[in-house]
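The next block holds one structure in the form of structure tokens; read it before the comments.
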Amino acid sequence: MLLFFSFGCVTKEKPKGEVIEESNHEKKEVEVTKPIVISTWNHGMPANEEAWKILSKGGTALDAVEQGVRTAEANPDVQSVGLGGFPDREGNVTLDACIMDHNSNCGAVSFLQHIKHPISVARKVMEETPHVMLTGSGALQFALEQGYKKEELLTPKSKKAYEEWLQKSDYKPVINIENHDTISILALDEDGNISGACTTSGAAWKMHGRVGDSPIIGAGLFLDNEVGAAAATGLGEAVIRTAGSAMVVELMRQGKSPAEACKEIVERIYKVHKNHKDLEYLQVGFIAINKQGEYGGYSLRSGFNYAINDNKNGNRMEDAKFIMSWEN
């Protein structure tokens, strides 16, 4: 779809859907790609496919992002999200999630146990309460009141991995394509509205009660419907320290492309952490889209990839550019 933007007083709509504003000012032609959806990691492919079922029929970005990430939450083979997620060091699977719509409404849950779909509980927090975040036992109580089923989330596969970890009890949250991480998703729908979602079981073997960036608006996820959206994956502490996703959106507001904005914030995170104890195993990546449907991603280390789906090229994976490889 092609849209023409300029300052002027008379607007005419042509039959093919092009909008031309007539004035004495210069006209600017902008190609807008919509709908479009972008998700982190390989599990972003099925997330995009589910989201596309909604977007391709004119559905909302909000519905698309929620349904998209639910695929990872329900998949026991994705051991960093929802059912089958790696537990904390006490053997408990605890989940974090947040969701945000084009009106800047948002909802989140943190340290939630026994509920397979924290993203849907987060949406209920957004729509049914005056709050933004519920946590721990309060989040669980709310989820049960909303009709969600209490389940055992620790699968035999993840329990075995946990028992093997106990033999050494060495905490190094290495995050990369081999073991995946948080799934974050951003979508621009046919109406030009943006929504985003983020969901995770957090760092494997974390301290009981630890919460990362994923449920924190401005860290793991942020959007401004006039500008664009960004979401993070990787070690949450590093993203929180830099208000990562909010900063990516602010750079897009200043005119940077999604790719440029992601790159600058990753470079900022590296600068903050280059002498930090976490650098040995630190990985952080961002994805972003803007109102024109342009997208991008960037990571600290090699191995980060993301899935893109649009009408032009379909659903596919792309590798993010990065600052350094794991050998550095």
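Starting from 1, each residue takes its place in the sequence as its number.
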For side chain to side chain contact (heavy atoms under 4.5 Å, CB included), just list the numbers for I38 and I185, CA-CA rounded to whole Å, side-chain angles, deciding distance to a tenth of an Å, and then say yes or no. CA-CA 6 Å; I38 180 171; I185 184 170; over 6 Å; no
Please tell me if the side chains of T94 and P87 come closer than 4.5 Å, counting only heavy atoms from C-beta onward. no
ring-ring contact (aromatic ring centres under 6.0 Å, His included) for F86 and W165? Distances and angles first, verdict last. CA-CA 11 Å; F86 286 129; W165 173 81; over 10 Å; no
Short side-chain donor-acceptor distance under 3.5 Å, T200 and S214: no
As a quick check of understanding, evaluate side chain to side chain contact (heavy atoms under 4.5 Å, CB included) for C198 and T182, giving each step before the final call. CA-CA 7 Å; C198 187; T182 302; 3.4 Å; yes
Establish whether I216 and I119 are linked, either directly or via other cluster members, by ILVMFWY side-chain heavy-atom contacts under 4.5 Å. no
Suppose we call two aromatic rings close when their centres sit under 6.0 Å apart. Are F111 and H208 close by that rule? yes
For E66 and S120, test the side chains for any donor-to-acceptor distance below 3.5 angstrom and give the result as yes or no. yes
Measuring only between side-chain heavy atoms, which start at C-beta, is M317 closer than 4.5 Å to M45? yes
Using 4.0 Å as the upper bound for N to carboxylate O, is an ion pair formed by E49 and K53? no
Do D96 and V109 touch side chain to side chain, with heavy atoms closer than 4.5 Å? no
Measure the shortest side-chain to side-chain distance between L140 and L112 over non-hydrogen atoms and say whether it is less than 4.5 angstrom. yes
If you count every heavy atom of other residues, nucleotides or ligands that lies below 6.0 Å from E145 atom CD, does the total exceed 12? yes
Within a strict 4.5 Å, meaning less than it, do heavy atoms of the V78 and V81 side chains meet? yes
Mind checking the CG-CD1 spacing from L153 to I115? Nearest 0.5 Å is all I need. 8.0 Å
To check you understand the geometry: which heavy-atom pair defines the closest contact between I194 and N225, and what is its length? N-OD1, 2.8 Å
Before giving the answer on side chain to side chain contact (heavy atoms under 4.5 Å, CB included), spell out for V272 and T242 the whole-Å C-alpha distance, their side-chain angles and the decisive distance to 0.1 Å. CA-CA 8 Å; V272 169; T242 51; 4.2 Å; yes
Quick one, E264 and K256 - any side-chain contact, counting heavy atoms below 4.5 Å? yes
Student check: side-chain heavy atoms of Q292 and E31 closer than 4.5 Å: no
cation_pi(R301, W326) dist<6.0 Å, angle<=45: yes
If every non-hydrogen atom of V69 is compared with every non-hydrogen atom of T199, which pair is closest and at what distance? CB-CG2, 3.8 Å
Would you give the length of the straight line joining atom CZ of R210 to atom CG of D88, rounded to the nearest 0.5 angstrom? 11.0 Å
Would you give the length of the straight line joining atom OG of S39 to atom CD1 of I308, rounded to the nearest 0.5 angstrom? 8.0 Å
Considering all heavy atoms of both residues, which atom of Q283 and which atom of S302 are nearest to each other, and what is their separation? NE2-O, 3.5 Å
N-O pairing of E127 and R123 below 4.0 Å: yes
Check whether the side chains of S257 and E294 place a donor and an acceptor atom closer than 3.5 Å, and report yes or no. no
Show the numbers, then the answer: is there a side chain to side chain contact (heavy atoms under 4.5 Å, CB included) between E190 and K34? CA-CA 6 Å; E190 193 63 45; K34 61 181 184 179; 4.2 Å; yes
With distance as the sole criterion, is a donor-acceptor pair present between the side chains of E250 and Q254 under 3.5 Å? no
Does a salt bridge link K57 with D189, judged by any charged N lying under 4.0 Å from a carboxylate O? no
Between K291 and D224, does any NZ, NE, NH1 or NH2 come within less than 4.0 Å of an OD or OE carboxylate oxygen? no
Considering all heavy atoms of both residues, which atom of V65 and which atom of L62 are nearest to each other, and what is their separation? CG2-O, 3.3 Å
Using only heavy-atom distances, determine whether the side chains of H117 and E73 contain a donor-acceptor pair under 3.5 Å. yes
How long is the straight-line distance from CD1 of I240 back to CG of D213, given to the nearest 0.5 Å? 5.5 Å
Return the minimal non-hydrogen interatomic distance between E163 and Q167, and the atom names on each side. O-NE2, 3.4 Å
OH/Y148 to NZ/K116 distance, rounded to the nearest 0.5 angstrom? 12.0 Å
When you measure from the side chain of S158 to the backbone N and O of L154, does any donor-acceptor pair fall under 3.5 Å? no
If we check ring pair (Phe, Tyr, Trp, His ring centres under 6.0 Å) with F304, which of these qualifies: F286, F322, W41? W41
Verdict with supporting geometry, S195 and D101, side-chain hydrogen bond (donor to acceptor under 3.5 Å, both in side chains): CA-CA 4 Å; S195 290; D101 73 9; 5.9 Å; no
Strictly by modelled atom types, are E318 and Y295 linked by a side-chain donor-acceptor pair under 3.5 Å? yes
With a 4.5 Å cut-off on side-chain heavy atoms, are H43 and S80 touching? yes
Can you measure from OH (Y298) to CD1 (I323) and round to the nearest 0.5 angstrom? 5.0 Å
Is V121 reachable from M100 through a run of hydrophobic residues whose side-chain heavy atoms are each under 4.5 Å from the next? no
Of all heavy-atom pairs linking S245 and L221, the shortest is OG-N, 3.6 Å
